[in-house]
Amino acid sequence: MKKLFSLICVAMFAVTASAQVTWNMKGGFGVATCYGSDTDGLKSHLVGKIGAGLEYPLSSNVSLMPSLEFAWKGTETKDDGDKLTVDLYYLQVPVVFAYRINLADAWNTTLKAGPYFAYAVSDKVKYGSYSGSADVKKFDAGLDAGVDFEYHRFVFGVEAEMGFMELYSGGSIKNLAFYATLGWKF
């Protein structure tokens, strides 16, 4: 068993070293709401995300960047003085393509876009004294796009996520979120 584990570790190190794969971690805060024809009165809601991923270079300027993230989305509104809050928590996998532009010796900017796939691990609705499940569809998918600025190994950026899947049956309500992120490349 030790030999198999050692062999797997050496193989992973060799693949990572030869492809110059880098790992990263990031987190951030932002605002989310919903869009669609049934979203009258819905407002933005403070949200966040945290995750880790890798960057696999395809050429000197183009990379593939898959990640695993825990993302908080949702919306809120006021109805007759009572506040309705919907919190949606997703485990999501964005797979973005990135184009890096070297700005100076220690500075780069990266333009990135690609699909994301998400699964709702928890959903909550609070209205007045009521608290319960929002009963949303579990699967979401959409477009993730953003711009990162890199200084040495620090990465800070902005991202937008636009869901393409309906949250509820029989209604046109989809996720929309914007994040400011801060991260570190290993």
Side-chain angles (χ1 to χ4, degrees), residues 8-36 44-75 87-121 137-167 174-186:
I8 290 172
C9 288
V10 168
M12 288 178 61
F13 177 75
V15 168
T16 303
S18 67
Q20 296 181 352
V21 171
T22 57
W23 294 87
N24 62 67
M25 292 183 65
K26 69 177 175 180
F29 292 97
V31 294
T33 190
C34 294
Y35 76 99
S44 60
H45 179 57
L46 184 63
V47 295
K49 72 169 20 178
I50 189 167
L54 60 88
E55 182 175 347
Y56 183 82
L58 301 174
S59 72
S60 61
N61 291 54
V62 178
S63 298
L64 179 65
M65 298 174 68
S67 300
L68 178 62
E69 301 174 342
F70 182 75
W72 171 23
K73 301 179 185 181
T75 190
D87 291 315
L88 307 171
Y89 302 95
Y90 289 95
L91 193 58
Q92 68 183 23
V93 177
V95 182
V96 297
F97 287 90
Y99 183 77
R100 176 169 285 105
I101 302 166
N102 186 339
L103 301 175
D105 286 340
W107 286 91
N108 292 310
T109 188
T110 304
L111 308 173
K112 58 186 183 176
Y116 77 84
F117 307 94
Y119 182 80
V121 294
K137 292 181 180 179
K138 295 293 184 187
F139 181 72
D140 189 26
L143 177 66
D144 185 322
V147 178
D148 286 342
F149 297 95
E150 301 173 6
Y151 178 71
H152 294 287
R153 295 198 172 269
F154 290 101
V155 180
F156 48 98
V158 291
E159 299 177 6
E161 295 176 355
M162 183 176 185
F164 296 152
M165 310 297 287
E166 303 290 342
L167 293 178
K174 302 171 187 170
N175 279 318
L176 182 63
F178 302 93
Y179 300 97
T181 59
L182 180 62
W184 177 262
K185 292 174 74 171
F186 297 96

Problem set entry | Worked check of side-chain contact (heavy atoms from CB on, under 4.5 Å) between Val95 and Val93 | CA-CA 6 Å; Val95 182; Val93 177; 4.1 Å; yes

For this session: Please assess Phe149 against Val155 for the test side-chain contact (heavy atoms from CB on, under 4.5 Å), listing each intermediate value before the final yes or no.
Result: CA-CA 6 Å; Phe149 297 95; Val155 180; over 6 Å; no

Could you grab the distance from atom [atom1] of [X] to atom [atom2] of [Y], nearest 0.5 Å is fine?
X	Y	atom1	atom2	result
Trp184	Thr22	CH2	OG1	12.5 Å
Leu54	Leu64	CG	CG	7.5 Å
Glu166	Phe139	CD	CZ	13.5 Å
Phe29	Lys49	CZ	NZ	12.5 Å
His152	Asp105	NE2	CG	9.0 Å
Asp87	Leu46	CG	CG	10.0 Å

Exercise. If you draw a 6.0 Å radius around OH in Tyr119, do more than 12 non-hydrogen atoms from other residues or ligands fall strictly inside?
Worked result: no

For this session: Check the surroundings of atom CZ in Phe154: do more than 12 heavy atoms from other residues, nucleotides or ligands lie under 6.0 Å from it?
Result: no

Problem set entry | Any Asn175 side-chain heavy atom under 4.5 Å of Glu161 side chain | no

For this session: Taking only Lys NZ, Arg NE, NH1 and NH2, and the carboxylate oxygens of Asp or Glu, determine whether Glu159 and Lys26 approach each other closer than 4.0 Å.
Result: yes

Ignoring hydrogens, what is the shortest heavy-atom contact between [X] and [Y]? Give both atom names and the distance.
X	Y	result
Phe117	Ala141	CD2-CB, 4.1 Å
Phe164	Asp140	N-OD1, 4.2 Å
Ala32	Lys73	CB-CA, 4.1 Å
Tyr35	Gly163	OH-O, 2.6 Å
Val47	Trp72	CB-O, 2.9 Å
Tyr116	Asp144	CD2-N, 4.1 Å

Test item: [X] side-chain N/O and [Y] main-chain N/O as donor-acceptor pair under 3.5 Å:
X	Y	answer
Asn61	Arg100	yes
Arg153	Lys185	yes
Thr109	Asp148	yes

Exercise. Where does the angle between the aromatic ring planes of Trp107 and Phe156 fall among parallel (under 30°), tilted (30 to 60°) and perpendicular (over 60°)?
Worked result: perpendicular

